[in-house]
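Data first, discussion second: the structure below is written as structure tokens.
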2 protein chains.
Amino acid sequence: MKELKQRSTCPVSTSLDVLGDKWTLLLIRDIVFVGKSTYGQFLQSEEKIATNILADRLAVLEAQGLITKAVAADKKSKFTYRLTEKGLDTVPLIVELVLWGAKHCPTIADPSLLAELQASKDTAVEKYQRLAREKALE
Amino acid sequence: MKELKQRSTCPVSTSLDVLGDKWTLLLIRDIVFVGKSTYGQFLQSEEKIATNILADRLAVLEAQGLITKAVAADKKSKFTYRLTEKGLDTVPLIVELVLWGAKHCPTIADPSLLAELQASKDTAVEKYQRLAREKALE
DNA sequence: TACCTTTGCTTGCGATTTGCAAGTGCAAAG
DNA sequence: CTTTGCACTTGCAAATCGCAAGCAAAGGTA
């Protein structure tokens with residue numbers, strides 16, 4: 001069991017103890033907005049995560065209850081990673097990261113997604129959470 | 001000039017290149033929600049940041065245009081760190097961190113702040129951004 | 001049956017980053 | 001002219017990261 005040390009009782013600090021690194025939220029992005037679910041798919045992302053870091057982060061996310069690991073439906077030698085409700089609750093955070101990055105940094109964001117988020121954050125958050133939940137039932 | 005390498009053009013990834021670590025958003029929390037503005041005040045936080053890490057993060061935040069550094073009004077040998085508009089735009093992110101941490105982790109949050117955030121995120125965000133802007137004019 | 005591929009990790013190791021303690025420089029106060 | 005407060009800087013050991021290679025089991029192919 002991967003355990004994390006809690007630096008203080010402040011919710012901002014404690015959230016960062018779990019999510020505060022360069023990779024964790026990218027994995028959740030891949031699950032929610034790109035529809036990925038397997039180790040191999042995570043490795044193919046543009047940012048090129050190292051295999052040991054990926055294995056470590058998946059273990060932490062599972063230990064902290066943000067994702068579940070299950071044998072894939074199509075192949076018994078594959079695993080499927082899905083978000084729990086605790087994991088799905090990070091979607092608003094990722095939405096804020098999209099909006100901040102798109103506004104203040106040189107990035108390339110899908111214009112239709114951006115418009116959707118700017119029109120109504122809450123609606124978009126609920127939509128992507130619902131889509132991820134539906135995928136988990138396949 | 002502290003420069004960061006951009007791993008991809010994705011806004012989530014690029015935001016994390018700047019904000020994705022355990023300390024950066026804690027400093028912004030201290031400025032916005034605790035009203036801190038000097039090196040010495042940042043050092044006193046519960047999480048106990050090391051002095052070299054603090055100096056490094058302040059330099060990165062200034063280089064990336066999230067904070068400004070100015071001689072303090074009361075004492076010429078002191079510096080005052082304030083948020084720019086780019087920095088203030090991370091407030092929604094911190095609000096989401098508060099809400100996620102308070103909901104899913106064993107934390108101690110100010111109940112009145114929590115109620116305020118849950119009642120209306122947007123209103124609260126605007127309020128704390130306004131308060132931070134007003135402080136910058138002192 | 002024997003071989004090859006896919007998939008999901010694990011291991012080794014050099015490089016970078018972190019955390020702790022101590023020290024430095026400089027302006028203002030006494 | 002010494003002391004104090006503030007903002008760093010430096011040294012160093014420990015931890016983490018990133019790259020490349022290796023490994024084991026499931027499943028497909030011949």
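Note that the structure is a prediction, hence the values are computed from the model and not measured. Throughout, protein chains are lettered first and strands after them, A, B, ... in sequence-line order, and every chain is numbered starting at 1.
Following rounding to the nearest Å, A:L27 (CG) and C:dG8 (P) show an atom-to-atom distance of 14 Å. Rounded to whole Å, the distance from CD on A:Q41 to C1' on C:dG8 is 13 Å. For the pair B:L54 CG and D:dA7 P, the computed distance is 9 Å after rounding to whole Å. The interatomic distance linking B:R7 (CZ) with D:dC17 (C1') rounds to 12 Å, in whole Å. Here the P atom of nucleotide D:dA15 and the CG atom of A:D56 are 15 Å apart, to the nearest Å. When the P atom of C:dC26 is taken as reference, atom OH of B:Y39 falls 17 Å away, rounded to whole Å. Between the CG atom of B:L43 and the C1' atom of D:dG5 there is a distance of 13 Å, rounded to whole Å. Spacing between atom CD1 of B:I49 and atom P of D:dC8 amounts to 13 Å, rounded to whole angstrom units.
Residue contacts for B:N52: at a heavy-atom cut-off of 4.0 Å it reaches a base atom on one of the strands shown. Residue contacts for A:F42: at a heavy-atom cut-off of 4.0 Å it reaches no nucleic acid atom on any strand shown. Nucleic acid contact for A:K69: sugar-phosphate only, since backbone atoms but no base atoms lie under 4.0 Å from a heavy atom of the residue.
The closest side-chain heavy-atom distance from A:E47 to B:Q6 is not below 4.5 Å. Side-chain contact check for B:I31 versus B:I67: some heavy-atom pair is nearer than 4.5 Å.
Comparing atom distances between the B:F79 side chain and each of D:dA7, D:dG18, C:dT10 picks out D:dA7 as nearest. Taking only side-chain atoms of A:A50, from C-beta outward, the nucleotide of D:dG27, C:dT7, D:dG18 with the closest atom is D:dG18. In this structure, the nucleotide among D:dC17, D:dT9, D:dG27 sitting nearest to the side chain of B:A55 is D:dT9. Nearest nucleotide to the side chain of B:T51, out of C:dT7, D:dT9, C:dT18: D:dT9. Closest to the A:K75 side chain, of the nucleotides D:dT9, C:dG8, C:dT6, is C:dT6.
Other residues, nucleotides and ligands contribute at most 12 non-hydrogen atoms within 6.0 Å of the NZ atom of A:K76. Atom NZ of A:K36 has more than 12 heavy atoms from other residues, nucleotides or ligands within 6.0 Å.
Contact between the side-chain N/O atoms of B:Y81 and the OP1/OP2 oxygens of D:dC8 is found at a separation under 4.0 Å. The phosphate of C:dT17 (OP1 or OP2) has no side-chain N or O of B:R57 nearer than 4.0 angstrom. Between B:W23 and C:dG19, a side-chain N or O to OP1/OP2 separation shorter than 4.0 Å is present.
For A:S77 and A:D21, each mapped to the nucleotide of DNA chain D holding its nearest heavy atom, the one lying further toward the 5' end belongs to A:D21. Nearest-nucleotide positions on DNA chain D place B:L58 closer to the 5' end than the other of A:I53 and B:L58. Toward the 5′ end of DNA chain C lies the nearest nucleotide of A:G40, the other residue of the pair A:K5 and A:G40 mapping further downstream.
When hydrophobic clusters are built by joining Ile, Leu, Val, Met, Phe, Trp and Tyr residues whose side-chain heavy atoms come closer than 4.5 Å, directly or via intermediates, A:L99 is not grouped with A:I108.
Between B:F33 and B:Y128, the ring centre distance stays below 6.0 Å.
For a distance-only test at 3.5 Å, the side chain of A:T38 fails to qualify as a donor-acceptor partner of the base of C:dT7.
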